[in-house]
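Written out below as C-alpha cells is the structure these notes cover.
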Protein chains: 2
Amino acid sequence: MTELFGRIPEEKRSRIMEAAISEFAGCGYESANINHIAQKARVSVGSLYKYFDNKQDLFLSMVQFGSQVLKSKFDEVMQGDEDILVKVEKLLRTIQRHSREQRSMIRLYNEMTTQCDPLIVKPAATDMETPSAELYSSLILQMQQAGVVRGDIDVRMFAFLLDNIFMMLQFGYACDYYRERFKIFVRDDIFQNDDYVIDQVLKFVKAAFERREPVE
Amino acid sequence: MTELFGRIPEEKRSRIMEAAISEFAGCGYESANINHIAQKARVSVGSLYKYFDNKQDLFLSMVQFGSQVLKSKFDEVMQGDEDILVKVEKLLRTIQRHSREQRSMIRLYNEMTTQCDPLIVKPAATDMETPSAELYSSLILQMQQAGVVRGDIDVRMFAFLLDNIFMMLQFGYACDYYRERFKIFVRDDIFQNDDYVIDQVLKFVKAAFERREPVE
DNA sequence: GCAAGATGAGTGAATGGTCACTCACTATCT
DNA sequence: AGATAGTGAGTGACCATTCACTCATCTTGC
C-alpha cells in the first residue's frame, strides 16, 4: 500500500476497499480479478497500481484492515473488569453480529489461512494473532489469580483452545463450507437460534475453565 | 472420476494421486497446474482427462480420498468400548501422527473450506462431515447414558465443539498459517511437545464433558 | 498577473505469459 | 478390424501488470 492511497478522498478509498474485499471474498485470492475490482470501484487499473504494489499487496492490506475492524470491536468488549464468562458471552454475541454484517471480511481471513508463502504468512500471522493471544492469556491469568479460573492449566494453551472456538464459530457463520458443517453437526435451523448456541458454548467454556471446588 | 481410473494399474493410480495431492496442497486449487501434475505422475495430460472430467473433478476426488483415509484411521480408534476420554486421547495421537505423515491431505481439506460454489460445497460437506458428526454424537450420548458425561448439554452441539478442537489441531500441525498461529498462542517449541499438548487438550475436554458430581 | 514549464495523479489499451482443455493421431489390445 | 487406451502439441481464453499518454494544478520568472 503506497502512501498515496492514504491521501486520496475517503469516499474513493472506501469504494476501492469495498470492491476489493467483496471480490477477494467472493472468488478467492487467485480467481479475484484486478480489472473487475477497478471497474467495481470506478477507478482505473492504473490508479489501483499506484495505490498498491501488486495483487498480493492489495489482498494483504484488505486482510489486515478486516482484522483491525474485528480487533477494535473485541477490544471494546474486553475493557471493563467483568468476569471471564461475561466477557466470553459478549465476545460470542459480537462474533455472531460481525460475522453476518461483515461476512466478506471473515471469508478473507479464511482465504488467508490457505496461503503458503512463508514470507507472507509469518508476518501476517504475527500481526493478526499476537494481540488476541496476549489479550486472552492475560485475561485468563488474571481470573486465575482471582481464583475464578482453575490453576492447573497452561494459560496459553487454554487461550489457544478458546480462540479456536471463536474462530470456528466465525467461519461457521460466514463461510459456506463451515456453514454446512455447522448445520450437519447440529441442526439445519441452528442459524435461527443464536441464543441457544451461545448458551451451549458458554456451558462448554464455563466447565472447561471453572475451578472445580469453588472457594467457600 | 471415470471408471477407467479404477481399472488402471494400482501403481500408476497412486502415482497420479500422489502428484495431484501434493500439487493441490502445495499451490492451492487455482494455482495448481494440471500439466505439472501429469508430468510429476509421468502420465500424459490427455490420459489425466480420460480419468477425470476436469480440474474440479480431480480436486474433489483427491479431497474425498484424503478424508476417507483419515476416517478409516478414526474408525479404528472408535471401535472398542473404552471411556470417551481414552478415545479422545487416542484420536489426538492419531491426529498428531496423521497430520505430519499426510500433511498434504490436511491442507487439501483446508483448501476445500474456501470453495464457494454451493453445488460443490454442499455435497462435499455432507459426505465428509456426516460420519464424524454421527460418530461423536452417538459416543457422547452413550457416555451420557452411562453417567460419565453430564446430562445438561446438547449432544450435537458438544460433538461440534469437540470436532472443532480436532480440526484446529490438524490444521495447526499441517497448514502454514495455522502453524504460526499455534506457535504464537502457545510457544515456539510447541511442536516438540506432543504429549504436553495432548495433556492440556485432555484437561480442557475432560472438564467440559465430565459430570459435575460423580456418581457414588 | 500570466505564460512556460514542472509535477504527479489518473487512464486503459496493449503485452506477455499462463493454463485448462481438446483432438487428431498412435499403440495395443481382443 | 474394431475397440480401447494413451499421447502431447496446439488453441483460445484469461488476466496481472505496464507504459505512453492526458490533464489539472502548482511553481517560477518576468
Worksheet item: NA contact type, A/Phe52, heavy-atom cut-off 4.0 Å: base, sugar-phosphate, or nothing?
Response: nothing
Item to complete: Please give the angle, rounded to 10 degrees, between the axes at the start and the end of the helix from C/dG1-D/dC30 to C/dT30-D/dA1, where five pairs define each axis.
Response: 10°
Worksheet, complete the sentence: Whether each nucleotide of nucleotides 21-30 of chain C has a protein heavy atom under 4.0 Å at its base (B), only at its sugar-phosphate (S) or at neither (-) is summarised, 5' to 3', as BB--------
Item to complete: For this output row, return yes or no: ring centroids of B/Phe158 and B/Tyr136 closer than 6.0 angstrom.
Response: no
Side-chain donor-acceptor contacts of residues 41-49 of chain A below 3.5 Å, not counting sequence neighbours, with atom names and distances?
from    : atom 1 : to      : atom 2 : distance (Å)
A/Ser44 : OG     : A/Ser47 : N      : 3.1
A/Ser44 : OG     : A/Ser47 : OG     : 3.0

Worksheet entry | Spacing between B/His36 atom NE2 and D/dG8 atom C1', to the nearest angstrom | 16 Å
Discussion item. Nearest whole Å is fine: how far is C/dG10 C1' from A/Leu48 CG?
Written reply: 12 Å
Worksheet entry | Nucleic acid contacts of residues 1-9 of chain A, taken as heavy-atom distances under 4.0 Å to DNA chain C | A/Leu4, A/Arg7
Item to complete: Hey, can you tell me if A/Tyr109 and B/Tyr177 have their rings parallel, tilted or perpendicular (30° and 60° cut-offs)?
Response: perpendicular
Worksheet item: So, is A/Ser47 near the phosphate of C/dT11, with a side-chain N or O under 4.0 Å from OP1 or OP2?
Response: yes
Worksheet item: Mind checking whether B/Met167 and A/Tyr178 have side chains closer than 4.5 Å, heavy atoms only?
Response: yes
Practice prompt. Apply salt bridge (charged side-chain N to carboxylate O under 4.0 Å, His left out) to A/Glu111 and A/Arg107, showing your working.
Written response: CA-CA 6 Å; A/Glu111 201 63 42; A/Arg107 286 185 187 217; over 6 Å; no
Item to complete: Please name all residues satisfying salt bridge (Lys or Arg N to Asp or Glu O under 4.0 Å) with B/Asp199, sequence neighbours left out, ordered by chain then number.
Response: none
Item to complete: Please state whether the phosphate of D/dC14, meaning OP1 or OP2, lies under 4.0 angstrom from any side-chain nitrogen or oxygen of A/Asn33.
Response: no
Practice prompt. Any pair with a residue in residues 113-139 of chain B that passes salt bridge (Lys or Arg N to Asp or Glu O under 4.0 Å), sequence neighbours left out, goes on the list, sorted by first then second residue, please.
Written response: A/Arg181-B/Glu129, B/Glu134-B/Arg156
Worksheet item: Can you list the residues that meet the side chain to side chain contact (heavy atoms under 4.5 Å, CB included) rule with B/Val86, with sequence neighbours excluded?
Response: B/Glu82, B/Asp83, B/Lys90
Discussion item. A side-chain contact here means heavy atoms from C-beta on lying under 4.5 Å apart; do A/Asp194 and A/Tyr173 qualify?
Written reply: yes
Item to complete: Strictly below 4.0 Å, heavy-atom distances to any atom of DNA chain D: list the hits from residues 108-116 of chain B, or just say none.
Response: none
Worksheet item: Heavy atoms, side chains only, cut-off 4.5 Å: are A/His98 and A/Phe74 in contact?
Response: no
Practice prompt. Name all pairs fulfilling the salt bridge (Lys or Arg N to Asp or Glu O under 4.0 Å) condition that reach into residues 44-69 of chain A, sequence neighbours left out, sorted by first residue then second.
Written response: none
Worksheet item: Taking CZ from B/Arg42 and C1' from D/dA5, how many angstroms apart are they, rounded to a whole number?
Response: 18 Å
Item to complete: Could you check which residues of residues 10-30 of chain B get a heavy atom under 4.0 Å from DNA chain C? Sort them by number, please.
Response: none
Show which side-chain atoms of residues 182-189 of chain A pair as donor or acceptor with protein atoms under 3.5 Å away, not counting sequence neighbours.
from     : atom 1 : to       : atom 2 : distance (Å)
A/Arg187 : NH1    : A/Asp189 : OD1    : 2.9

Worksheet item: Where does the angle between the aromatic ring planes of A/Phe204 and B/Phe209 fall among parallel (under 30°), tilted (30 to 60°) and perpendicular (over 60°)?
Response: perpendicular
Discussion item. Less than 4.0 angstrom from a charged side-chain N to a carboxylate O is my criterion; do B/Lys87 and B/Asp81 meet it?
Written reply: no
Item to complete: Please examine the side chains of A/Met62 and A/Leu108, heavy atoms only from C-beta on, and report whether any two atoms are closer than 4.5 Å.
Response: yes
If you look only at distance, which donor and acceptor atoms sit under 3.5 Å apart when one is on a side chain in residues 21-31 of chain A and the other is two or more places apart or in another chain?
from    : atom 1 : to      : atom 2 : distance (Å)
A/Ser22 : OG     : A/Lys40 : NZ     : 3.0
A/Glu23 : OE1    : A/Lys40 : NZ     : 3.4
A/Glu23 : OE2    : A/Asn33 : N      : 2.9
A/Tyr29 : OH     : A/Gln56 : N      : 3.3
A/Glu30 : OE1    : B/Ser31 : OG     : 3.3
A/Glu30 : OE2    : B/Ser31 : OG     : 2.9
A/Ser31 : OG     : B/Glu30 : OE1    : 3.3
A/Ser31 : OG     : B/Glu30 : OE2    : 2.9

